[in-house]
Amino acid sequence: MSVTMRTTVARGGSATLAVLFGAAAALVSAPPATADDAADAAVTWSVTPASAEGADGRRVMQVELDPGQRTTEHLAVKNFSEREATFALTAADGYYTETGRFTMLPADRTSVDAGTWITVEPSVTLAPNETRIVAFEIAVPNNATPGDHAAGVSASVRSTSAGNDGTKVGVDSRVGFRVSTRVTGELAPAVGVGEVRAEYTPSWNLFAPGSLAYSYTAENTGNTALVVTDVIDGATGERGVLLPGESRQVQTEAQPAWPTFLLAKDVTVDAAVPDATLTATPVTHSVTVWAVPWLHLAASIGVALIVAAVASGRRRSRRRLDDLVAQAREEGRREAVTLS
């Protein structure tokens, strides 16, 4: 996993403006980051988990430690640039965004958990195309709670350029990887589910079903990371990873559903611990939603009105015909009387 983030700082006189400019990358290895500088050649670099011998191909660093235990790990920083560059090394708490992507706290936010357990040297200067293996320490506090704790380690570089008005703009670009620390002790995976809502959208085609979508809030109420899934009408949907204490609003994709006045459905939310055999107790919520077949009712009423109109027209036609026949008979009788 790589994390890519940029912070833009503009300076004009004594004013300073910090604006978050980037976002976290997906949970896959990212290409080397590039920072452009108006005065110098672009800087391109990467940072990955490593052993003391070199990069070891891992995308995520996972360790298991007892409370009070410490360990030394390594990272590899590579400067792909054609000039020397200095990279700031930092660690911070990690979290998953609403879109399910992992990132780490920006520089202006203070870490309170696993990000504070990591000690790494503040910076490293690399020659062109040089790779450096940097040791860092993870020290778990004595009072750390059992379970999963996430952090990120990053390497960043500052680049500057001039705006159209002459204002100097500084961009802090950073890339990093996830460090997942599992503190030993009793693991208690648990998932909570907020109110489940369903919304039915009718179809304007008499011969096509409408659609039914669900929304709910999934919350990790245990002490382990969880991969959350749900099962609705036999279909399984994966809703990403939640760290302990995190919650996410889930909106399901619309599924076909025929309007039968009232739909009653069960939504089951399940969760499993990544890389383990532990699972949380599934939570099932029942939800009902009105699905009135207005179009079908309107069509039925229209057909009924047409049938009634046709029947009424036939009755009127039959009455007129009967009247004509009676009139003809009466005229025939009158003519017979006259002739006699």
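- Taking the six-membered ring for Trp and thresholds of 30 and 60 degrees, Tyr96 and Phe102 have ring planes more than 60 degrees apart, a perpendicular arrangement.
- Each salt bridge (Lys or Arg N to Asp or Glu O under 4.0 Å) pair with one or both residues in residues 122-146, not counting sequence neighbours, appears once here: Arg70-Glu137, Glu130-Arg132.
- Applying the side-chain hydrogen bond (donor to acceptor under 3.5 Å, both in side chains) criterion to Thr116, with sequence neighbours excluded, gives no partner residue.
- Cluster partners of Val283, by chain and number: Leu187, Val191, Val193, Val196, Tyr200, Leu212, Tyr214, Tyr216, Leu226, Val228, Ile232, Leu242, Val250, Leu263, Val267, Val269, Val273, Leu278, Val287, Val289. The rule joins Ile, Leu, Val, Met, Phe, Trp and Tyr whenever side-chain heavy atoms lie under 4.5 Å apart.
- Looking at Asn223 and Thr145, their side chains never come closer than 4.5 Å, going by heavy atoms from C-beta outward.
- Across Gly115 and Ala91, no two heavy atoms sit closer than the pair O-CB, 3.9 Å.
- Other members of the cluster containing Ile133 do not exist, because no ILVMFWY side chain is joined to it at under 4.5 Å.
- Counting only residues at least two apart or on different chains, the salt bridge (Lys or Arg N to Asp or Glu O under 4.0 Å) pairs with a member in residues 145-157 are Asp148-Arg182.
- Scored by the side-chain hydrogen bond (donor to acceptor under 3.5 Å, both in side chains) test, Arg239 finds Asp230 as partners (sequence neighbours excluded).
- Atom CD of Glu186 sits in a sparse spot, with 12 or fewer heavy atoms from other residues, nucleotides or ligands closer than 6.0 Å.
- Residues Trp117 and Val183 have side chains in contact (heavy-atom distance under 4.5 Å, counting atoms from C-beta outward).
- Partners of Gln62 by side-chain hydrogen bond (donor to acceptor under 3.5 Å, both in side chains), not counting sequence neighbours, listed by chain and number: Asp275.
- Asp56 pairs by the salt bridge (charged side-chain N to carboxylate O under 4.0 Å, His left out) definition with Arg58, not counting sequence neighbours.
- For the residue pair Asn79 and Ser81, a side-chain donor N or O sits within less than 3.5 Å of a side-chain acceptor on the partner.
- In the displayed structure, Glu98 atom CD is contacted under 6.0 Å by more than 12 heavy atoms of other residues, nucleotides or ligands.
- For residues 194-216, every residue pair satisfying the salt bridge (Lys or Arg N to Asp or Glu O under 4.0 Å) rule, not counting sequence neighbours, is listed here: Glu195-Arg197.
- Other cluster members for Val303: Val307, joined by side-chain heavy-atom distances under 4.5 Å among Ile, Leu, Val, Met, Phe, Trp and Tyr.
- Other residues sharing the hydrophobic cluster of Val112, ordered by chain and number and joined by side-chain separations under 4.5 Å: none, the residue standing alone.
- Using modelled atom types, one finds a donor on one side chain and an acceptor on the other under 3.5 Å when comparing Thr90 with Ser154.
- Scanning for side-chain hydrogen bond (donor to acceptor under 3.5 Å, both in side chains) contacts around Thr284 gives Thr268, with sequence neighbours left out.
- Between Thr221 and Glu219, the side chains place no donor N or O within less than 3.5 Å of an acceptor N or O (distance only, hydrogens not considered).
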